[in-house]
2 protein chains.
Amino acid sequence: MPKPLYLQIRETLLARMADGTFRPGQPLPSEFALAKELDVSQGTVRKALDTLANDNLVMRRQGLGTFVPETTTERALFQFFRLTGTNGESLIPEPVSEEISRRPAPKRIAQRLEISTSAPAVRIRRVRALNGVTSTLEDVWLDPKHLPLPADGQPLPNALYTHYQRSYSVSIVRAEDFISAVAAPDHVAEAIGIPVGGPVLLVRRDAFDLSGRLAETRESYFRTDGFGYSVTLR
Amino acid sequence: MPKPLYLQIRETLLARMADGTFRPGQPLPSEFALAKELDVSQGTVRKALDTLANDNLVMRRQGLGTFVPETTTERALFQFFRLTGTNGESLIPEPVSEEISRRPAPKRIAQRLEISTSAPAVRIRRVRALNGVTSTLEDVWLDPKHLPLPADGQPLPNALYTHYQRSYSVSIVRAEDFISAVAAPDHVAEAIGIPVGGPVLLVRRDAFDLSGRLAETRESYFRTDGFGYSVTLR
DNA sequence: TAGTGGTCTAGACCACGCA
DNA sequence: GCGTGGTCTAGACCACTAC
């Protein structure tokens, strides 16, 4: 019992995005061109493209074409940065400091990255501000075999996802967040200017690329006076 | 410049769900029947139904029909209860205590419900347990003109949304959560057995019905040792 | 067997962006 | 004016459910 045609087409198109045949920012061939090449009707190609557009995996613009989305800074912020002000206004994080190191990952991180605790992993520790107030410390962990990351000392873009895509052709398309409240550890409290043990939001995030592979895992601490994590369920 | 036909059909069908012409648990007329009645092609009705199904506003089952979803307990838990264990397992809240009262709402609540701070509102204060551990206290606030709610002393179902639908034909279809970390206030700490001032997750939720109207607002405190709020972004 | 939604096709016309 | 995606239609056949 094979999958429906349009889902097979979807997989084909996704594979071409993952392997670089279709590149971010570039248009896909037109519906008719794809239909002819893949030997199905234009309506079936359309249905495949519709499901992809629905998952934010392509962007369609009438009169222009169907595009592989670029992980622009705006897009990364809009799609994946869920912190808003108390009234729902969006916020833009401003860099305060960052530090890249290579070190063995703690067990819980190593497990998520599926690497050994003795192998060195890349850790990016960033402190950022919201509305001018230093309010977040986050540790991003990467498997260097997958995302080697730049030499130390080189400044990172504010939006890492943009950088993954441009430098390594890794497009982040899905993130799973696990949110809890914890007492601020010493280094967090110091970095973001709150009392040790004060309540902070801890967001553990696993981010996945086009092929469904885990690309990074991060742990972000936020002070939440004046803002919070917003999400809509339907 | 009128809306596309299929969106007009969508609105028509939504209106019929909101006004009770189509009732929860009941099937809609078939695609062909709707097409004939509304004088459009079956494909257009299908497209309207597809968008509704995509938003979880109808449920389609091949060979059976298209149904107005019932807010079953399972559905309410699956769709709107985002607390999971550390490894992502779903959790089922068990009632510990509840107390219904009518009282003026604090200003921030009154503003969200769009009622006056002097008018009495309904407050449901519930304490619930997860995995046998008392871990959440939540205050649900209602506008009695919209959802009068049962006489005191009468037990409430564990899932309020089910009750709203059965007793008042109010179907909750969308919720907006705003999540922060706070120091546990006295009454929360006492209720869920943690130290006063310890970190707890505070989830403020606005829940909306089929017609887009705010049906309730709630503030839930959770201790997050052993579980957390899970969400997937794409 | 009858009726439902699911897939697939084919073709017409519209709205938009651009040269 | 041309090519793109967006809407709408019509009809064929498949897969599932109920009786």
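What you see below is based on every heavy atom in this structure, not just the backbone, and it leaves out hydrogens, waters and symmetry mates. Keep in mind it's a predicted model, so treat the numbers as computed, not measured. Order of the sequence lines sets the chain letters (A, B, ...), proteins ahead of strands, with each chain counted from 1.
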d(CZ, B:R60; P, D:dA15) in whole Å:
18 Å

Could you tell me how far apart B:L5 (CG) and C:dC14 (C1') are, to the nearest whole angstrom?
13 Å

Taken to the nearest whole Å, CD/B:Q62 to P/D:dA18 is 12 Å

Above 12 or not: heavy atoms from other molecules or residues under 6.0 Å from CG of B:L7?
yes

From C-beta outward on B:T44, which listed nucleotide comes closest to its side chain: D:dG5, C:dG5, D:dT9?
D:dT9

Can you measure A:D50 atom CG to C:dG6 atom C1' for me and round it to whole angstrom units?
15 Å

Say whether, by atom type as modelled, one donor and one acceptor occur between the side chain of A:T21 and the main chain of A:D19 under 3.5 angstrom.
no

Mind calculating the distance between CG (A:D39) and C1' (C:dT9) to the nearest angstrom?
12 Å

Return the value, rounded to whole Å, for the distance between atom NZ of A:K3 and atom P of D:dA15.
17 Å

Want to settle it: does A:R61 or A:Y6 sit nearer the 5' end of DNA chain C, counting the closest nucleotide to each?
A:Y6

Let me spell it out: for each of A:L64 and B:L64, pick the nucleotide of DNA chain C with the closest heavy atom. Which residue's pick is nearer the 5' end?
B:L64

How many angstroms lie between atom CG of B:L83 and atom CZ of B:F227, to the nearest 0.5 angstrom?
6.0 Å

Within this structure, what is the CG-to-C1' distance between A:L7 and D:dC14, rounded to whole angstrom?
15 Å

Within the structure, does a side-chain N or O atom of B:K47 lie under 4.0 Å from either OP1 or OP2 of D:dC8?
no

So if I take every side-chain heavy atom of A:S30 and compare against D:dT4, C:dG5, D:dC8, which nucleotide ends up nearest?
D:dT4

Look at the side chain of B:P4 and decide which nucleotide, out of D:dT7, C:dT4, D:dG5, has an atom nearest to it.
D:dT7

So, applying salt bridge (charged side-chain N to carboxylate O under 4.0 Å, His left out) with B:D139, which one of B:R125, B:R218, B:R108 is it?
B:R125

Starting from the C-alpha separation in whole Å, work towards a yes-or-no answer on side chain to side chain contact (heavy atoms under 4.5 Å, CB included) for B:R205 and B:E176.
CA-CA 5 Å; B:R205 162 174 296 183; B:E176 292 181 2; over 6 Å; no

Side chain of A:S41 - closest among C:dC18, C:dG5, C:dC8:
C:dC8

Provide, to the nearest angstrom, the distance between the CD atom belonging to B:E31 and the P atom belonging to C:dG6.
7 Å

Once hydrogens and angles are ignored, does a donor-acceptor distance under 3.5 Å link the base of C:dG6 to the side chain of B:R46?
yes

